[in-house]
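Proteins come first, then strands; the chains are lettered A, B, ... in the order of their sequence lines, and each starts at number 1.
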2 protein chains.
Amino acid sequence: MGATKTEHFTDKQNEIALLTKALGHPARIAIVEYLISANNCICGDIVNELPLAQPTVSQHLKELKNADLIKGTIEGNAICYCINEKSIEKIIDYFLKIATKLKNKQCC
Amino acid sequence: MGATKTEHFTDKQNEIALLTKALGHPARIAIVEYLISANNCICGDIVNELPLAQPTVSQHLKELKNADLIKGTIEGNAICYCINEKSIEKIIDYFLKIATKLKNKQCC
DNA sequence: TTTGTATATTGCAATATTACGATAAAAATC
DNA sequence: GATTTTTATCGTAATATTGCAATATACAAA
């Protein structure tokens with residue numbers, strides 16, 4: 001089929017899955033890393049940093065935006081992107097909780 | 001095409017992308033949550049916990065195993081699964097570093 | 001040895017993702 | 001206004017993912 005059965009899972013499960021799915025591609029990880037490489041937001045130039053064609057990069061940026069992982073503001077004929085800190089925190093919080101629960105567990 | 005161009009990215013980028021990709025499905029998030037719900041490893045019964053057919057669950061377990069996120073040991077005719085703490089820590093470490101770098105940044 | 005239980009594999013259909021060329025849109029610059 | 005620069009969208013091909021029925025495998029118990 002190819003379509004995910006989201007309706008059977010909780011909102012939280014779907015939310016975390018959407019965030020991790022959006023990060024589940026090396027190009028999108030590379031974009032995130034580039035966006036934190038400077039002290040300000042990154043205006044333009046993202047395409048030149050990646051080994052992919054411009055439409056492909058644009059598509060990856062769109063997916064990160066859809067997952068609310070990055071924000072883009074139009075600045076002249078360039079677009080300034082930065083990471084949405086809140087979404088990163090959501091990921092950290094979620095997996096920290098899991099790690100905490102794992103401390104009290106014994107694996108066979 | 002559909003095939004990811006992994007060869008253009010760093011090992012670390014590919015590693016994180018593989019981990020997040022494996023977690024990028026609500027069923028696999030639900031499996032992880034079920035595996036931390038008890039104090040021991042979970043032996044059998046995973047299929048009954050999910051709203052999906054047995055082959056589908058088996059496939060999701062396989063993907064989590066391939067990403068080294070869970071470990072399974074055969075115990076009679078059941079299989080005992082538990083989470084690989086190290087992989088969860090890898091995720092936490094990676095995104096904590098990103099969050100730290102974000103603290104020193106100003107978004108436009 | 002047969003039966004039951006738990007999990008894996010195979011094969012397939014439906015859909016999603018990845019990637020890119022061509023083209024469009026929007027703004028700056030000449 | 002024409003040109004350049006930057007990003008988005010469209011269309012399309014190749015491949016991947018999701019999900020399940022059917023079947024296989026492996027072990028336990030009767």
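- Within the 4.5 Å cutoff, the side chain of B/Ile16 has no heavy atoms near those of the A/Leu23 side chain.
- Rounded to whole Å, atom C1' of D/dT18 lies 15 Å from atom CG of A/Asn14.
- For the OP1/OP2 pair of D/dC10 and a distance below 4.0 Å, the side-chain nitrogens and oxygens of A/Lys62 include no atom meeting the criterion.
- In the interface, the side chain of B/Gln59 is not paired with the base of C/dA8 through any donor and acceptor atom under 3.5 Å apart.
- Atom NE2 of A/His25 is separated from atom C1' of C/dA16 by 13 Å (rounded to the nearest Å).
- For A/Gln54, the listed nucleotide lying nearest its side chain is D/dT7; candidates were D/dT7, C/dA8, C/dG21.
- If B/Ala78 and B/Lys5 are placed on DNA chain C by their nearest nucleotide, the residue sitting closer to the 5' end is B/Ala78.
- In this structure, B/Glu63 atom CD and D/dT18 atom P are separated by 5 Å, rounded to whole Å.
- As rounded to whole Å, 15 Å separates atom C1' of C/dA8 from atom NE2 of B/His60.
- Distances shown here put every side-chain N or O of B/Thr56 at or beyond 4.0 Å from the OP1 or OP2 atom of D/dT18.
- Using modelled atom types and a 3.5 Å distance limit, the side chains of B/Tyr94 and B/Glu89 yield no donor-acceptor pair.
- Contact check on B/Glu63 versus B/Lys21 returns no salt bridge, with no Lys/Arg side-chain nitrogen under 4.0 Å from an Asp/Glu carboxylate oxygen.
- Ring geometry for A/Phe9 versus B/His25: interplanar angle over 60°, hence perpendicular rather than tilted (30 to 60°).
- Of the candidate nucleotides D/dA22, D/dT18, D/dC27, D/dA22 has the atom lying nearest to any side-chain atom of B/Pro55.
- Ranked by how close their nearest DNA chain C nucleotide is to the 5' end, A/Pro51 and A/Asn77 are led by A/Pro51.
- Between B/Lys21 and the phosphate of D/dT17, there is a side-chain N or O to OP1/OP2 separation shorter than 4.0 Å.
- If you check every strand for non-hydrogen atoms under 4.0 Å, B/Thr4 touches sugar and phosphate atoms only.
- For B/Ser58, a side-chain nitrogen or oxygen approaches OP1 or OP2 of C/dA8 to under 4.0 Å.
- Of the N and O atoms on the side chains of B/Asn14 and B/Asp11, not one donor lies less than 3.5 Å from an acceptor on the other residue.
- One can place CD1 of A/Ile79 at 11 Å from P of C/dA27, the figure rounded to the nearest angstrom.
- In this structure, the CD1 atom of B/Ile74 is 11 Å from the P atom of D/dA28, given to the nearest Å.
- Atom pair B/Asn66:CG and D/dT17:C1' shows a separation of 14 Å (rounding to whole Å applied).
- B/Leu52 comes within 4.0 angstrom of the backbone, heavy atoms only, and of no base.
- Remark: P of D/dT5 and CD of A/Glu75 are 20 Å apart, rounded to the nearest angstrom.
- Mapped onto DNA chain D by nearest heavy atom, A/Asp45 and A/Ala3 fall at different nucleotides, with A/Asp45 at the one closer to the 5' end.
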